[in-house]
Protein chains: 2
Amino acid sequence: MIVVIDPAATAPVFEQLADQVRAQLADGRIPVGTRLPSARELAEQLGINLHTVLHAYQALRDEGLIALRRGSGAVAIAPARDLAPLRASIAELVATAKGHDLSLPTLTALIREEFGR
Amino acid sequence: MIVVIDPAATAPVFEQLADQVRAQLADGRIPVGTRLPSARELAEQLGINLHTVLHAYQALRDEGLIALRRGSGAVAIAPARDLAPLRASIAELVATAKGHDLSLPTLTALIREEFGR
DNA sequence: ACCTATTTGTCCGTATGTATG
DNA sequence: CCATACATACGGACAAATAGG
């Protein structure tokens, strides 16, 4: 599992981690049944604290995306979705946004607005 | 200026506010030269603290989107962009995402990935 | 040009939450 | 579980710009 954390970002570290796991669960890079790295292992790999990883894992559990079992770690339970129709749309949208020098915060702000109705 | 704050959201309040102003600056709902509400006025209207509004305003100033002067308040200095090519893409993307029961966090996670941060 | 009252952003701490060790 | 460091959000006091007489 590949995850990148930016300590300088405004978003909390546990949220960055949860975000990236969500994306990888959604597109099948993490298939159902996959055992995720243990919190301790992942914390060490990312250079962040154990409790921060647990925070992210618990958020994902609360969303029904993973199951947490004592002794056996975290397991993916969210089925991958068919993102093929989305991939093209996303790539096109992001390319257009970049072409207009639109910042990521501005782009996501516009998307959140559209999503909220 | 219409802004909605969700105190229960994971995103910081000042970020929610900045996001919504960014969107309204981008699409011209807030034209260049417009004087934004004073921090005190907006804080009272939104039921949040003066300094939280100022935090958002200062972030927008650092991005070159608004000018802040004491006595005269905040003024929009970022020209509206041509979002016509984006609008259709955004609407289509969001509609597709909803059709696949994709959550907003997951969708934005995928977009952030594509954008490359 | 002056004065001054109001408006406005800035600076001082304080409490709570996040992240770490 | 506790102790520390940093960020968010809040409250009160302050200084500069503005507006009216």
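Naming: A, B, ... by sequence-line order, numbering from 1 per chain.
Note: CG (B:Leu54) to P (D:dC14) measures 18 Å, nearest angstrom. Whole-Å rounding puts the B:Phe14 CZ to C:dG17 P distance at 17 Å. Atoms CG (B:Leu17) and P (D:dT8) sit 14 Å apart, rounded to a whole Å. Between the CZ atom of B:Arg40 and the P atom of D:dG11 there is a distance of 13 Å, rounded to whole Å. Separating the CG atom of B:Leu42 from the P atom of C:dT8 is a distance of 12 Å, rounded to the nearest angstrom. Taking atom CG on B:Leu50 and atom P on C:dT7, their separation rounds to 14 Å, with Å as the unit. The separation between B:Glu41 atom CD and C:dT6 atom C1' is 14 Å, rounded to whole Å. Between the NE2 atom of A:His55 and the C1' atom of C:dT20 there is a distance of 15 Å, rounded to whole Å.
The side chain of B:Arg35 contributes no N or O atom lying less than 4.0 Å from OP1 or OP2 of C:dT7. Taking side-chain N and O atoms only, B:Thr52 has a distance below 4.0 Å to OP1 or OP2 of D:dC10.
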Stepwise, does the side chain to side chain contact (heavy atoms under 4.5 Å, CB included) test hold for B:Leu36 with B:Tyr57?
CA-CA 10 Å; B:Leu36 276 63; B:Tyr57 275 10; 3.6 Å; yes

For the pair A:Leu17 and A:Thr52, evaluate side chain to side chain contact (heavy atoms under 4.5 Å, CB included) and give the outcome as yes or no after the intermediate values.
CA-CA 9 Å; A:Leu17 173 55; A:Thr52 306; over 6 Å; no

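Nucleic acid contact for B:Arg69: sugar-phosphate only, since backbone atoms but no base atoms lie under 4.0 Å from a heavy atom of the residue. A:Ile48 comes within contact range of the sugar-phosphate backbone alone, with a heavy-atom separation under 4.0 Å but no base atom that close.
The local environment of CZ in A:Arg40 is sparse, with at most 12 non-hydrogen atoms from other residues, nucleotides or ligands closer than 6.0 Å.
With A:Glu113 as the fixed residue, the salt bridge (charged side-chain N to carboxylate O under 4.0 Å, His left out) test singles out one of B:Arg22, B:Arg29, B:Arg87: B:Arg29.
B:His51 contributes a side-chain N or O that forms a donor-acceptor pair with the base of D:dG12 under 3.5 Å.
In this structure, the nucleotide among D:dA9, C:dA19, C:dG9 sitting nearest to the side chain of B:Tyr57 is C:dG9. Of the candidates D:dC14, D:dA9, C:dT20, the closest approach to any side-chain atom of A:Asn49 belongs to C:dT20.
B:Leu60 and B:Leu54 end up in different hydrophobic clusters when Ile, Leu, Val, Met, Phe, Trp and Tyr side chains are linked at under 4.5 Å.
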